Amino acid sequence: MLWRLVLTALGDETLDEDRRLAILARGAAELAARRTCGGEGPTVDDVVRLAFEEFAVVIDAAQARTALLGRVR
């Protein structure tokens, strides 16, 4: 489900920008979690970097933090 939302957010120009970035931040947080080795979880910087590298969007630390906290719940 998340990846469908991410794909939609990448291609839908009519989507609200805040909602679009929140979805992409969630996708980046999930990727960061899957790519993190060992017992340490992903960091805010990991999420920001992956959002830029994988989705070509710039998210701020607050968006990344929210996405990480959403993964925990």
Side-chain angles (χ1 to χ4, degrees):
M1 175 81 170
L2 173 61
W3 300 115
R4 283 187 190 181
L5 289 172
V6 168
L7 290 173
T8 299
L10 287 170
D12 187 354
E13 298 292 325
T14 64
L15 194 61
D16 174 74
E17 187 66 11
D18 289 335
R19 179 75 179 129
R20 178 178 173 270
L21 290 176
I23 292 168
L24 295 174
R26 284 179 49 208
E30 185 62 32
L31 282 176
R34 290 180 183 200
R35 293 180 183 178
T36 300
C37 297
E40 296 180 26
T43 66
V44 168
D45 289 337
D46 293 333
V47 176
V48 170
R49 180 180 47 79
L50 280 171
F52 183 73
E53 290 175 357
E54 299 294 333
F55 306 135
V57 295
V58 176
I59 61 171
D60 61 30
Q63 291 165 319
R65 191 174 299 104
T66 300
L68 283 172
L69 290 173
R71 278 198 83 254
V72 173
R73 294 182 187 151

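Residue numbers count from 1 along this sequence. Bear in mind that the values here come from a model prediction, so they are computed numbers and not experimental data.
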Checking Arg34 against Glu30 for the salt bridge (charged side-chain N to carboxylate O under 4.0 Å, His left out) test, could you report, in this order, the C-alpha distance in whole Å, the side-chain angles of both residues, the deciding distance, and whether it holds? CA-CA 6 Å; Arg34 290 180 183 200; Glu30 185 62 32; 3.0 Å; yes
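Using a 3.5 Å distance cut-off with no hydrogens or angles, the side chains of Thr14 and Asp12 do pair a donor with an acceptor.
When side chains are defined from C-beta on, Leu10 counts as touching Phe55, because their heavy atoms get closer than 4.5 Å. Side-chain contact between Val44 and Val47 is absent, with no heavy atoms from C-beta onward closer than 4.5 Å.
The structure places CG of Asp60 at 8.5 Å from CG of Leu21, a figure rounded to the nearest 0.5 Å. Interatomic distance, CG of Leu24 versus CG of Leu50, reported as 12.5 Å (0.5 Å rounding). Considering CD of Gln63 and CD1 of Ile23, their distance stands at 12.0 Å, rounded to 0.5 Å.
Ile59 and Ala25 get closest at one heavy-atom pair: CD1-CB, 3.8 Å. Between Ala64 and Val48, the closest heavy-atom pair is CB-CG2, 3.8 Å. Heavy atoms only, all atoms of each residue included: Ala29 and Ala67 are closest at CB-CB, 3.9 Å.
Both Trp3 and Leu15 belong to a single network of hydrophobic side chains, linked directly or stepwise wherever heavy atoms of I, L, V, M, F, W or Y lie under 4.5 Å apart.
At a threshold of 4.0 Å, the pair Arg35-Glu54 counts as salt-bridged, since one of the basic side-chain nitrogens sits closer than that to a carboxylate oxygen.
When Val6, Thr8, Val57 are each tested for a side-chain contact (heavy atoms from CB on, under 4.5 Å) with Arg20, only one passes: Val57.
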